[in-house]
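Note that the coordinates shown come from a computational prediction; the quantities given were computed from them, not determined experimentally.
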Amino acid sequence: MEWLTVLWLGAPAWTWLVFLAMVLALLVLDLGVLNRDDHVIGVRESLKLSALYVTAGLLFGLWVWHEFGGEKGMQFYTGFLIEKSLSLDNIFVISLIFATLAIPPAYQHRVLFWGIVGVILTRGVMIGFGSTLVASYYWTLYIFGAFLIVTGIRMFFVHTGREDIRNSAVLSWLRRHLRVTDGLHGNAFLVRIPDQAGKPLLYATPLFLALCMVEATDVVFAVDSVPAIFAITSDPFIVYTSNIFAVLGLRALYFALAAMVERFSYLKYSLAAVLVFIGSKIFIGDFVFDGKVPAWLSLAVTGGLILSGIAYSLWRTRRHGTGTPAHGAG
């Protein structure tokens, strides 16, 4: 069993097995037990499911802290917090996808669940590629840092309107290259329909289009979030595990947040500040702190900015319920 102690992407193989076993257990519990039958997930159930995932993530962070030390533990929690916060805007886009493709609430969890499987794979590829770059060419971290600073400044000053999903290039490409049914066929992603000669042909349903759109949206958002966590740590184990646990919990929280995501309109400004701080941290760590910014400082600043942004956003929109803020923001 010596292979269990072999380092793989910076961590012993057995630690990766612990992580994968935990994620697999959560997914089996989610789809195989709690949501075996398609049904509309209410706010209460969404909050309970999200609490399960968040608790699992926090416990895993404690295990990381115990196994690898306090610095790694704080890096995990910082990455977890950044990914979860940056993904809030993702919820709004997903809700637009479901509305555009007329996906009933009863089938939305099925799309999100299988979307998680795709996220586990795509984030693994992106983080693996990023880790190779950083390990071979340390200067790529400076590129990540500069990218985050520019993105943060742009987020703060530039108003970005919501994309019209109907005109999405991804959706147009899918419709041109796939046979798509006019309506849903239960909870099926793909169906076989006979042509005029009786030969069964494979068709994609709107549910499959929604799944592809959700996956494409996640890749776009990962372009910001993955470099942000690499700016915290170049350890691929911490980057990947914090990413996945954050996404797991947020997808579960979707049904509670989708209707009130506009209440977090002002959070974009604190997230912009987080990106600028994280990007600057690379340069400050190397040229000011002679190595790196302490992990506790990164966690404290990130947590403080995000919490203040949430509090301010909820306060500014307090009279508008789940509607738009008093003075429209980003």
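Among residues at least two apart or in separate chains, side-chain hydrogen bond (donor to acceptor under 3.5 Å, both in side chains) pairs with a member in residues 116-133 are Glu83-Arg123, Arg123-Asp218, Arg123-Asn243. Among residue pairs with one or both ends in residues 47-65, those qualifying as side-chain hydrogen bond (donor to acceptor under 3.5 Å, both in side chains) are Asp30-Tyr53; sequence neighbours excluded. Screening residues 182-198 for salt bridge (Lys or Arg N to Asp or Glu O under 4.0 Å) gives no qualifying pairs among residues at least two apart or on separate chains. Applying the side-chain hydrogen bond (donor to acceptor under 3.5 Å, both in side chains) test to pairs two or more places apart or on separate chains, those with a residue in residues 227-239 are Lys72-Asp235, Gln75-Thr233.
In this structure a side-chain-to-backbone donor-acceptor pair under 3.5 Å is present from His177 to Trp173. Judged by distance alone, the side chain of Tyr312 and the main-chain N or O of Ser270 form no donor-acceptor pair under 3.5 Å. The backbone N or O of Ala231 sits less than 3.5 Å from a side-chain atom of Lys281, completing a donor-acceptor pair. Checking side-chain atoms of Thr205 against main-chain N and O of Ala188 turns up a donor-acceptor pair under 3.5 Å. In this structure, Arg179 contributes its side chain and Leu201 its backbone to no donor-acceptor pair below 3.5 Å. Panel note: side chain Ser242, backbone Val239; a donor-acceptor pair is recorded below 3.5 Å.
Closest approach of Gly152 to Ala272, counting heavy atoms only: O-CB, 3.2 Å. Minimum heavy-atom separation, Arg110 to Asn187: NE-O, 2.6 Å. Closest of all the heavy-atom pairs between Val119 and Glu215 is N-OE1, 3.7 Å. Smallest separation of non-hydrogen atoms from Ala204 and Leu190: CA-CD2, 3.8 Å. Looking at every heavy atom in both residues, Tyr240 comes nearest to Ile120 through OH-O, 2.6 Å. The two residues Gly115 and Leu211 have their closest heavy-atom pair at N-CD1, 3.6 Å.
For Val220, the side-chain contact (heavy atoms from CB on, under 4.5 Å) test picks out no residue, with sequence neighbours left out. Scored by the side-chain contact (heavy atoms from CB on, under 4.5 Å) test, Ile193 finds Thr181, His185, Val191, Tyr203 as partners (sequence neighbours excluded). For Tyr137, the ring pair (Phe, Tyr, Trp, His ring centres under 6.0 Å) test picks out Trp139, with sequence neighbours left out. Under the rule for a side-chain contact (heavy atoms from CB on, under 4.5 Å), the partners of Ala210 that lie at least two apart in sequence or sit in another chain are Ile97, Phe98, Leu101, Ile103, Val111. Under the rule for a side-chain contact (heavy atoms from CB on, under 4.5 Å), the partners of Leu305 that lie at least two apart in sequence or sit in another chain are Ala273, Val274, Val301. Evaluation of the ring pair (Phe, Tyr, Trp, His ring centres under 6.0 Å) rule for Phe156 yields Tyr269 as partners, not counting sequence neighbours.
Under the 4.5 Å side-chain criterion, counting only non-hydrogen atoms from C-beta, Val93 is in contact with Phe221. Counting only heavy atoms from C-beta outward, the side chains of Leu29 and Leu52 approach each other to under 4.5 Å. Residues Leu27 and Leu248 meet the side-chain proximity criterion, which asks for heavy atoms closer than 4.5 Å. Residues Ile238 and Val64 are in side-chain contact: their nearest non-hydrogen atoms beyond the backbone lie under 4.5 Å apart. In this structure the side chain of Ser168 reaches within 4.5 angstrom of the side chain of Met213, judged on heavy atoms. Looking only at side-chain heavy atoms (C-beta outward), Val23 and Thr241 stay at 4.5 Å or farther from each other. Between Leu49 and His109 there is a side-chain heavy-atom pair separated by less than 4.5 Å.
Relative orientation of the Phe208 and Phe189 rings is perpendicular, given thresholds of 30° and 60° on the angle between their planes.
Hydrophobic cluster membership is shared by Ile127 and Ile143, with clusters built from Ile, Leu, Val, Met, Phe, Trp and Tyr side chains linked at under 4.5 angstrom. Placement of Phe113 and Val219 in two distinct hydrophobic clusters is found when ILVMFWY residues are connected by side-chain heavy-atom separations under 4.5 Å, directly or transitively. Cluster annotation: Leu121 and Leu24 are assigned to distinct hydrophobic clusters (Ile/Leu/Val/Met/Phe/Trp/Tyr, side-chain heavy-atom contacts under 4.5 Å, transitive).
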Please walk me through it: do Ile94 and Tyr254 pass side chain to side chain contact (heavy atoms under 4.5 Å, CB included)? CA-CA 9 Å; Ile94 291 173; Tyr254 166 82; 3.8 Å; yes

For Phe80 and Phe245, what are the C-alpha separation, side-chain angles and deciding distance, and is it a ring pair (Phe, Tyr, Trp, His ring centres under 6.0 Å)? CA-CA 7 Å; Phe80 180 83; Phe245 271 112; 7.4 Å; no

Begin from the C-alpha positions of Val54 and Leu58 and carry the test side chain to side chain contact (heavy atoms under 4.5 Å, CB included) through to its verdict. CA-CA 6 Å; Val54 170; Leu58 295 177; 4.0 Å; yes

Please evaluate residues Ile153 and Val150 with respect to the criterion side chain to side chain contact (heavy atoms under 4.5 Å, CB included), reporting the C-alpha separation (whole Å), side-chain torsions for both, the decisive distance (0.1 Å), and the verdict. CA-CA 5 Å; Ile153 293 174; Val150 172; 5.9 Å; no

Evaluate side chain to side chain contact (heavy atoms under 4.5 Å, CB included) for Phe147 paired with Val223, printing each intermediate quantity in order. CA-CA 10 Å; Phe147 172 77; Val223 172; 3.9 Å; yes

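For Phe237 and Phe68, the gap between ring centers is short of 6.0 Å.
The 12-atom threshold is not exceeded at CZ of Arg44, counting heavy atoms of other residues, nucleotides or ligands nearer than 6.0 Å.
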All N/O donor-acceptor pairs, side-chain side in residues 10-22, below 3.5 Å, sequence neighbours left out:
{"from": "Thr15", "atom 1": "OG1", "to": "Pro12", "atom 2": "O", "distance (Å)": "2.5"}
{"from": "Trp16", "atom 1": "NE1", "to": "Trp8", "atom 2": "O", "distance (Å)": "2.7"}

